[in-house]
Number of protein chains: 2
Amino acid sequence: MSTRISLLQSAEQAVRQRGYHGFSYADLAREIGIRKASIHHHFPTKADLGIALIERYNAAFFDQLKNIKDAEGTAADQLRAYLRLYRDALDNGEQVCLCVSLSAGRDHLSNEILDHLDQFHRDSLHWLEQLFERAKADGSMSLHAAPEAEASAALALVEGAQLLARASRDVTQFDQSTRALHARLSPNKPH
Amino acid sequence: MSTRISLLQSAEQAVRQRGYHGFSYADLAREIGIRKASIHHHFPTKADLGIALIERYNAAFFDQLKNIKDAEGTAADQLRAYLRLYRDALDNGEQVCLCVSLSAGRDHLSNEILDHLDQFHRDSLHWLEQLFERAKADGSMSLHAAPEAEASAALALVEGAQLLARASRDVTQFDQSTRALHARLSPNKPH
DNA sequence: GTCTATAATGGGATAGAC
DNA sequence: GTCTATCCCATTATAGAC
């Protein structure tokens with residue numbers, strides 16, 4: 001595998017486990033087995049690396065959301081898939097979504113990274129809003145508020161649930177936090 | 001005001017705005033107008049300062065929760081007060097709850113701080129669980145799941161809603177995220 | 001593309017005078 | 001309790017050989 005990809009993978013895991021300050025070029029160098037000066041050949045500055053990181057992450061993430069939307073199923077099915085995506089990302093409570101980690105400490109982030117972060121939230125809210133519009137139409141779940149509000153609540157819930165799960169290093173904390181939302185979905189794929 | 005209190009106030013604001021790495025002794029020194037070496041007289045290490053910070057914060061926070069519980073009103077009223085507490089803490093989307101900020105980057109935190117953080121979550125969940133037990137009894141809101149699950153969902157929601165609000169520097173994002181939960185509460189204090 | 005060597009900065013922390 | 005002066009270390013980044 002290319003050094004560049006190895007660096008991105010290693011850095012992504014580090015940020016999701018320990019935050020943007022949670023890794024250094026020295027750490028990366030040790031992990032993939034080169035000297036830290038060599039990293040600057042691939043990413044001149046840490047900010048460059050950060051931008052490449054979030055661009056790669058967002059592309060992969062919304063690719064998965066597209067797959068969910070393209071699949072057959074009710075809005076409830078798709079919301080279940082969305083929740084599973086966030087749950088699986090936890091990796092036993094060791095790490096959270098890249099954008100949850102970056103949102104947490106917005107300091108020391110370049111404007112370009114902040115823009116990508118905003119984009120992630122906007123796109124997520126848009127995707128969820130469409131989902132809740134469909135839910136309203138197909139009746140696969142009960143709504144308490146307008147689709148925009150339900151979308152915002154769902155995003156806040158999964159992000160908060162990831163924080164709690166990592167805080168306790170216990171993925172079942174995520175399940176506990178999302179149980180009430182699951183209960184509102186018409187049963188198609190019980191587990 | 002004593003130097004010690006000034007330091008704690010200044011540090012708390014910094015952590016809640018920018019995270020645990022978001023301030024240095026040099027920053028604090030500049031802000032309150034002493035030299036950074038003098039800070040070590042009050043807090044020998046940054047870890048010591050962190051512990052004092054979270055102890056002070058937790059005490060004040062649960063004091064407020066106690067006031068809410070002691071006040072008259074239904075479970076729905078108390079949940080509304082709880083939500084308002086988190087909303088007001090946002091300060092126009094500039095900062096989040098201290099423990100949300102610390103949860104975000106669990107790295108570089110001493111074990112003693114992590115213990116206080118766990119305590120915060122446990123106590124919060126316990127307080128909310130009792131609240132939802134009361135809600136079940138007084139019928140002031142509709143439950144979708146057992147009180148433990150509702151408590152966990154509520155905590156995840158407010159923490160996530162704070163993250164989203166700060167990410168967009170817009171406190172109305174918090175309102176949007178909590179609208180659906182508000183809609184489940186029997187109307188006593190509409191706004 | 002990777003290396004060695006070397007800035008240059010900023011962080012937390014200590015000693016000792018006042 | 002606050003100061004000056006200093007230390008030690010980690011981190012990002014650069015220059016130039018291979």
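Scope of the values below: all heavy atoms of this structure, side chains included, with no hydrogens, waters or symmetry mates. Each chain gets a letter, A, B and so on, in the order its sequence line appears, and its residues count up from 1.
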Below 4.0 angstrom, N of the basic side chain to O of the carboxylate: do A/Glu94 and A/Arg169 qualify? yes
Hey, are A/Glu12 and A/Arg56 close enough for a salt bridge, meaning a charged N less than 4.0 Å from a carboxylate O? yes
Are B/His108 and A/His21 close enough that their ring centers fall under 6.0 Å? no
Aromatic centroids of B/Phe62 and B/Trp127 separated by under 6.0 Å: no
Given atom [atom1] of [X] and atom [atom2] of [N], what is their separation to the nearest angstrom?
X       : N      : atom1 : atom2 : answer
A/Lys36 : C/dA5  : NZ    : C1'   : 11 Å
B/Ile39 : C/dG11 : CD1   : P     : 12 Å
B/His21 : C/dG11 : NE2   : P     : 13 Å
A/His40 : C/dT4  : NE2   : P     : 14 Å

Taking any atom under 4.0 angstrom from a heavy atom of chain A, which nucleotides of DNA chain D are the first and last to qualify, 5' to 3'? D/dT11 to D/dT14
Using heavy-atom distances to pick each residue's nearest nucleotide on DNA chain C, tell me which of B/Ala47 and A/His41 is more 5'. A/His41
Does a side-chain N or O of B/Ser24 approach OP1 or OP2 of C/dG11 to a distance below 4.0 Å, or not? yes
Between B/Ala37 and A/Ala37, just flag the one whose closest nucleotide in DNA chain D comes earlier from the 5' side. B/Ala37
Distance-only donor-acceptor hits, side chain of residues 152-159 of chain A, under 3.5 Å, sequence neighbours excluded:
{"unit_1": "A/Ser152", "atom_1": "OG", "unit_2": "B/Gln173", "atom_2": "NE2", "d": "2.8"}
{"unit_1": "A/Ser152", "atom_1": "OG", "unit_2": "B/Ser177", "atom_2": "N", "d": "3.4"}
{"unit_1": "A/Ser152", "atom_1": "OG", "unit_2": "B/Ser177", "atom_2": "OG", "d": "2.7"}
{"unit_1": "A/Glu159", "atom_1": "OE2", "unit_2": "A/His121", "atom_2": "NE2", "d": "3.4"}

May I ask you to say what A/Phe43 touches in the nucleic acid, namely base, sugar-phosphate or nothing, with a heavy-atom cut-off under 4.0 Å? nothing
Got a sec, which pairs hit side-chain hydrogen bond (donor to acceptor under 3.5 Å, both in side chains) with one end in residues 34-43 of chain A, sequence neighbours left out? none
